[in-house]
Amino acid sequence: MAGELICQPVTSRDMSKHKSDLFRARDYLHPRFWAMWIFFGLLRLLAFLPYHSLLKVGKLFGHLLSLLSPARKRIIDTNLALCFPDLSQQQRLQLRQQSYHSLGIAFIELAMCWWWKPERLKPLVEVRGLENVQHYLDKKQGVILLSGHFTSLEIGGRLLALFLPFQAMYRTQRNRLFDSYLFTRRSSYLVDVISRKNTRRMIKGIKNLIPTWYAPDQDFKRERNVFAPFFGVPTATISASSRLAKSSGAAMLPFYTERKADGSGYLLQILPALENFPSDNELDDAT
């Protein structure tokens, strides 16, 4: 396992800017929040279980989600058919079920992110590529960790923060209670948690040599998109990555969190920076 990164960002979190967003239980006593409180209570109890047991509970939860979302199943089946036309129907069904299992585990991993202490988390993680980040910080160049909204996103951020101080963007969640608590927990272990609408603040952090986790793989219809090939299918893709790299002067390093197949924990990989990025062509950059 790699050691902790020895870089020290020039700035630290200024929580005064976030005071109104931090969680206060008394703000969420209305009955419409009771279901979420029950969910939080169940997660808190699950936090006492060992990791292997949590994986089993997560898979079971994912199976229940698959039974409750027939409309979502149709979307998944359409996407799998487009992306994997050579697979049999049975193989695609297996992929769909595995996706639900992974989604269920992601919900259960919130218990680990919120209530497990670092000494309980560290034995589960292997980190590769921290030297790629340090290389650019030593040159006084900002770093963007380019990732995606994988189901391991939340646990990946919690684990990476054990070794690397970084800031991340967030998108407001629909449930106010969940949004407030999620924001507060993230703020406890990240250098800064920045609204996706506050690009200026994020760029300031990048220029101050705070590594930044950025996951642009969503289709926001009101934003500037291009149709880049994804598994051979033209797909609406945010083109902001290249503009962000140009305005901040940062290196773009792909970052992935992988759940190990043997159930022993997680592999975090930070790859070398993308070459010739950004270019003069947003479609090429998005691709």
Side-chain angles (χ1 to χ4, degrees), residues 5 7-24 27 113-114 130 132-134 136-150 153-154 156-176 178-225 237-255 257 270 273-274 277-278 282 285-286:
L5 200 67
C7 69
Q8 292 295 329
V10 219
T11 61
S12 59
R13 182 173 65 249
D14 179 7
M15 289 306 298
S16 64
K17 297 180 181 178
H18 296 310
K19 280 185 178 179
S20 61
D21 299 313
L22 293 179
F23 172 76
R24 296 181 303 180
D27 294 337
C113 294
W114 293 349
L130 286 175
N132 294 322
V133 178
Q134 191 68 57
Y136 289 97
L137 296 180
D138 287 344
K139 298 197 306 179
K140 306 302 180 184
Q141 183 177 358
V143 169
I144 297 173
L145 302 175
L146 187 65
S147 188
H149 284 82
F150 307 117
L153 177 144
E154 198 67 32
R158 180 68 185 97
L159 294 174
L160 182 63
L162 298 173
F163 303 91
L164 173 70
F166 70 97
Q167 65 179 9
M169 298 195 77
Y170 79 95
R171 183 185 184 190
T172 303
Q173 306 297 311
R174 292 182 180 179
N175 184 285
R176 283 178 47 220
F178 183 75
D179 182 69
S180 176
Y181 198 73
L182 179 65
F183 174 86
T184 301
R185 297 309 300 179
R186 287 176 174 176
S187 297
S188 70
Y189 55 81
L190 298 181
V191 173
D192 202 358
V193 185
I194 305 169
S195 168
R196 53 177 291 271
K197 298 179 181 179
N198 197 345
T199 307
R200 180 178 298 179
R201 178 170 166 176
M202 181 175 65
I203 292 175
K204 181 179 179 181
I206 295 172
K207 291 184 176 181
N208 283 331
L209 301 185
I210 302 176
T212 300
W213 189 358
Y214 181 59
D217 62 318
Q218 291 185 313
D219 177 13
F220 299 115
K221 294 179 174 58
R222 296 181 180 179
E223 297 193 13
R224 189 166 158 185
N225 294 333
T237 307
I238 294 175
S239 59
S241 300
S242 51
R243 297 196 299 276
L244 179 61
K246 287 178 182 177
S247 57
S248 66
M252 282 278 190
L253 281 63
F255 169 59
T257 301
I270 303 173
L274 298 176
F277 190 96
E282 288 187 344
D285 291 344

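Because the structure is a prediction, the values reported are computed rather than measured.
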Q.
Would the distance check show the side chain of Arg158 and the main-chain N or O of Glu154 forming a donor-acceptor pair, the cut-off being under 3.5 Å?
A.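 Such a contact is absent between Arg158 side chain and Glu154 backbone.
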Q) With no hydrogens and no angle check, is any side-chain donor or acceptor of Asn208 less than 3.5 Å from a backbone partner on Lys204? A)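 At least one qualifying donor-acceptor pair exists.
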Would you give the length of the straight line joining atom [atom1] of [X] to atom [atom2] of [Y], rounded to the nearest 0.5 angstrom?
X      : Y      : atom1 : atom2 : result
Leu244 : Met169 : CG    : CE    : 8.0 Å
Leu190 : Thr212 : CG    : OG1   : 10.5 Å
Gln173 : Phe178 : CD    : CZ    : 5.5 Å
Thr172 : Leu182 : OG1   : CG    : 10.5 Å
Ile270 : Gln134 : CD1   : CD    : 11.0 Å
Ile206 : Gln141 : CD1   : CD    : 11.0 Å

Q: Using the side chain to side chain contact (heavy atoms under 4.5 Å, CB included) rule, take Phe166 and Val191 through it: C-alpha gap first, then chi angles, then the decisive distance, then the call.
A: CA-CA 5 Å; Phe166 70 97; Val191 173; 5.6 Å; no
Determine the minimum heavy-atom distance between [X] and [Y], stating which atoms define it.
X      : Y      : value
Ala245 : Pro278 : CB-CD, 3.8 Å
Trp213 : Ser147 : NE1-CB, 2.8 Å
Ala273 : Tyr136 : CB-OH, 3.3 Å
Val143 : Ala250 : N-CB, 4.0 Å
Leu153 : Arg186 : CD2-NH2, 4.2 Å
Ile194 : Met202 : CD1-CA, 3.7 Å

Would you say that [X] contacts [Y] through its side chain, given a criterion of any heavy-atom pair below 4.5 Å between the two side chains?
X      : Y      : answer
Leu253 : Ile144 : no
Ser241 : Leu146 : yes
Pro211 : Leu164 : yes

Q) With under 30° as parallel and over 60° as perpendicular, where do the rings of Trp114 and Tyr181 fit, or are they tilted in between? A) perpendicular
Q: Kindly indicate, with the supporting measurements, whether the criterion side chain to side chain contact (heavy atoms under 4.5 Å, CB included) is fulfilled by Lys140 and Leu209.
A: CA-CA 7 Å; Lys140 306 302 180 184; Leu209 301 185; 3.8 Å; yes
Q | Evaluation steps, salt bridge (charged side-chain N to carboxylate O under 4.0 Å, His left out), between Asp179 and Arg174 | A | CA-CA 7 Å; Asp179 182 69; Arg174 292 182 180 179; over 6 Å; no
Q.
For a quick check under 3.5 Å, do Ser242 and Glu282 share a side-chain donor-acceptor pair by atom type?
A.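 Distance-only check fails for Ser242 and Glu282.
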Q) Do you see a donor-acceptor pair shorter than 3.5 Å between the side chains of Ser247 and Arg243? A)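 Not at all, the side chains of Ser247 and Arg243 share no donor-acceptor pair under 3.5 Å.
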Q. Would Phe183 and Phe23 count as a close aromatic pair, with their ring centres under 6.0 Å?
A. no
Q) Got more than 12 heavy atoms from elsewhere within 6.0 Å of NZ, Lys197? A)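 Open: at most 12 neighbouring heavy atoms sit under 6.0 Å from NZ of Lys197.
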Q.
Determine whether Leu130 and Phe163 satisfy the following criterion, side chain to side chain contact (heavy atoms under 4.5 Å, CB included), listing intermediate values before the conclusion.
A. CA-CA 9 Å; Leu130 286 175; Phe163 303 91; 4.0 Å; yes
(Q) Asp285 vs Leu274, test: side chain to side chain contact (heavy atoms under 4.5 Å, CB included). Steps then yes/no. (A) CA-CA 10 Å; Asp285 291 344; Leu274 298 176; over 6 Å; no
